[in-house]
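To find a chain, count down the sequence lines: A is the first, B the second, and so on, and within it residues start at 1.
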There are 2 protein chains.
Amino acid sequence: MSEVEEPMRLVHLLRGLTVELDLFGAEFAAGNGLHPTDLRALIHLLDAARAGEVVTPGRLGEALRLNSAGTTGLVDRLERLGLIRRERDPQDRRRVRLLVEDRAMELGQGFFGGLIGDLLAAMRRFGPGELETAGRFLEAMTTVVAAARQGTREQRGGGATPARGSS
Amino acid sequence: MSEVEEPMRLVHLLRGLTVELDLFGAEFAAGNGLHPTDLRALIHLLDAARAGEVVTPGRLGEALRLNSAGTTGLVDRLERLGLIRRERDPQDRRRVRLLVEDRAMELGQGFFGGLIGDLLAAMRRFGPGELETAGRFLEAMTTVVAAARQGTREQRGGGATPARGSS
DNA sequence: GCAAGTGTCTCGCTGAGCGAGAGAATAATC
DNA sequence: GATTATTCTCTCGCTCAGCGAGACACTTGC
């Protein structure tokens with residue numbers, strides 16, 4: 001009806017989409033004996049591997065907001081599942097390199113690969129101009145969320161927000 | 001070449017956006033002494049309240065894919081935080097209605113409200129036609145993910161959706 | 001009344017993640 | 001070359017979310 005409704009619908013669409021993607025990931029994880037955290041770790045590791053970056057337990061834990069103990073447990077699980085392998089860094093022998101096994105590649109590929117294929121197929125029904133618009137839109141939304149994330153983090157301890165708990 | 005690259009860029013944008021939204025939610029949760037599950041429950045409850053639907057522990061647990069025991073624990077936590085209230089259904093006294101307290105409304109409003117305002121502001125920089133395109137795009141992507149979710153569930157020797165327990 | 005069905009909660013347990021700190025290696029200073 | 005500080009990773013003990021199994025309360029059908 002009014003110009004106010006369409007944007008609000010988009011907000012709900014955005015949330016709905018993230019919910020679906022979350023559920024998709026959660027079900028994939030559960031179906032493969034993984035926890036959501038394990039899956040996020042796997043994604044991070046695969047991304048890094050593709051970018052040719054070296055991942056250590058420290059970096060992984062930082063990315064996932066886990067403490068060192070939790071990270072060790074996570075790496076143990078992934079290693080036990082045969083998805084990654086530990087290897088001492090010969091340059092700095094305090095460090096441990098996390099190497100992704102083929103099994104993990106296949107797991108990620110066979111699953112997300114299918115989804116990505118479907119997404120690309122659906123995109124083919126949009127014109128180049130439309131895709132460009134969608135891209136700009138997604139970028140704008142991502143920027144807003146990222147900025148809001150920064151903002152609320154600063155609020156905590158300064159503004160009128162109660163910000164309870166936290167000893 | 002750009003005809004192949006642009007869609008792939010969109011895929012990564014989608015994932016990046018969901019990651020940002022997830023982190024946003026997780027930080028909000030942590031900042032308020034909630035767990036991710038608690039937050040998801042709260043969103044579900046607020047949605048239902050706005051739609052005028054009655055939520056019972058059973059329905060909530062089903063929506064969040066939680067065990068009845070886990071659901072009881074979840075409801076206990078939310079009640080202890082003063083976010084919801086239990087109330088026996090006078091029609092069917094086996095049932096418990098989950099009533100959202102004002103405090104929960106404020107929590108959701110004061111936080112997501114701000115984000116939504118920012119998102120709407122950013123959308124104002126797009127024309128009506130562009131917003132329509134973005135909406136169709138989001139709908140298409142959501143449909144694909146939802147369909148993929150169904151597909152993989154069936155792959156898993158599943159059969160009729162268990163809806164609960166089983167496995 | 002009694003039996004079957006449904007909705008919620010209790011009990012005991014597993015395991016992810018936390019805080020604290022130990023251990024091993026490197027880097028910096030004398 | 002030894003000593004100290006720094007940087008990674010891992011171990012220990014603990015808390016608590018969520019699971020499986022089953023108890024309890026209530027409703028419906030006979």
Side-chain angles (χ1 to χ4, degrees), chain A residues 23 25-27 29-42 44-45 53-81 83-99 165-167, chain B residues 25-27 29-42 44-45 53-81 83-99 162-167:
Chain A
L23 287 175
E27 290 184 2
N32 285 76
L34 300 171
H35 299 265
T37 302
D38 302 358
L39 183 60
R40 278 192 304 163
L42 202 57
H44 185 83
L45 288 166
E53 291 168 7
V54 175
V55 181
T56 65
R59 290 220 175 277
L60 182 62
E62 195 178 347
L64 273 63
R65 297 272 186 326
L66 285 184
N67 91 356
S68 67
T71 304
T72 298
L74 166 66
V75 172
D76 284 349
R77 286 198 302 276
L78 293 179
E79 197 171 34
R80 203 179 311 131
L81 287 169
L83 296 173
I84 64 171
R85 193 172 70 242
R86 280 179 166 98
E87 193 177 83
R88 280 281 165 197
D89 186 333
Q91 257 79 55
D92 182 344
R93 289 175 41 71
R94 291 168 303 184
R95 287 191 178 168
V96 167
R97 285 178 178 173
L98 301 179
L99 300 176
S166 80
S167 58
Chain B
E27 290 185 3
N32 286 77
L34 301 171
H35 298 264
T37 303
D38 302 357
L39 183 59
R40 278 192 305 163
L42 202 57
H44 186 83
L45 288 165
E53 291 168 7
V54 174
V55 182
T56 65
R59 290 222 174 276
L60 181 62
E62 195 178 346
L64 273 61
R65 298 273 184 332
L66 282 185
N67 195 327
S68 69
T71 304
T72 298
L74 166 66
V75 173
D76 283 350
R77 286 198 304 277
L78 293 178
E79 196 171 34
R80 203 178 311 131
L81 286 167
L83 296 173
I84 65 171
R85 193 173 70 241
R86 279 178 166 100
E87 193 177 84
R88 280 282 165 197
D89 186 332
Q91 255 81 55
D92 183 343
R93 288 175 43 72
R94 291 169 304 183
R95 286 192 178 168
V96 167
R97 286 178 177 173
L98 301 179
L99 301 176
R164 182 91 80 86
S166 169
S167 77

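- Taking 3.5 Å as the limit, the base of dG20(D) and the side chain of Asn67(B) contain a donor-acceptor pair of atoms between them.
- Between Thr72(A) and the phosphate of dT11(D), there is no side-chain N or O to OP1/OP2 separation shorter than 4.0 Å.
- In this structure, Arg65(A) does not reach the dC18(C) phosphate: none of its side-chain N or O atoms is under 4.0 Å from OP1 or OP2.
- Atom CD in Glu79(A) sits roughly 13 Å away from atom C1' in dT9(D) (whole-Å rounding).
- Nucleotide dG7(C) holds its C1' atom 11 Å from the CG atom of Asp89(B), rounded to whole Å.
- Across the protein-nucleic acid pair, Leu81(B) atom CG and dA17(D) atom P stand 10 Å apart, rounded to whole Å.
- The nearest pair of heavy atoms linking Thr72(B) to Arg86(B) is O-NH2, 3.8 Å.
- Of the candidates dA16(C), dT11(D), dA25(C), dA25(C) carries the atom nearest the Arg93(A) side chain, counting heavy atoms from C-beta on.
- Put simply, CG on Leu66(B) is 14 Å from P on dT8(C), counting in whole angstrom units.
- No hydrogens or angles were tested; on distance alone, a donor-acceptor pair under 3.5 Å links the side chain of Ser68(A) to the base of dC10(D).
- For the pair Thr71(B) and dT8(C), the criterion of a side-chain N or O lying under 4.0 Å from OP1 or OP2 is not met.
- Put simply, the side chain of Arg94(B) and the base of dT8(C) share no donor and acceptor less than 3.5 Å apart.
- Across all strands shown, Arg97(A) has no heavy atoms under 4.0 Å from either base or sugar-phosphate atoms.
- Protein atom CD1 of Ile84(B) is 13 Å distant from nucleotide atom C1' of dT8(C), rounded to whole Å.
- At the heavy-atom level, Arg59(A) lies nowhere under 4.0 Å from the strands shown.
- Using a 4.0 Å cut-off, some side-chain N or O of Arg95(A) falls inside it from OP1 or OP2 of dC8(D).
- Using a 4.0 Å cut-off, no side-chain N or O of Arg88(B) falls inside it from OP1 or OP2 of dC9(C).
- For the pair His35(B) NE2 and dC16(D) P, the interatomic distance rounds to 9 Å; values are reported in whole Å.
- When atom types are taken as modelled, the side chain of Arg88(A) and the backbone of Arg93(A) share a donor-acceptor pair closer than 3.5 angstrom.
- Rounded to whole angstrom, the span from the CD atom of Glu62(B) across to the P atom of dG7(C) amounts to 10 Å.
- Take the nearest nucleotide of DNA chain C for Asp76(B) and for Arg80(A): the residue whose nucleotide is more 5' is Asp76(B).
- At distances below 3.5 Å, at least one donor-acceptor pair connects side-chain atoms of Asp38(A) with backbone N or O atoms of His35(A).
- Of all nucleotides listed (dT26(C), dT27(D), dC11(C)), dT26(C) comes nearest to the side chain of Asp92(A).
- Side-chain contact between Glu27(A) and Arg65(B): present, with at least one pair of heavy atoms (C-beta onward) separated by less than 4.5 Å.
- Mapping Gln91(A) and Gly73(A) onto DNA chain C by nearest heavy atom places Gly73(A) at the nucleotide closer to the 5' end.
- At a threshold of 4.5 Å between non-hydrogen side-chain atoms, the residues Leu78(A) and Leu45(A) count as touching.
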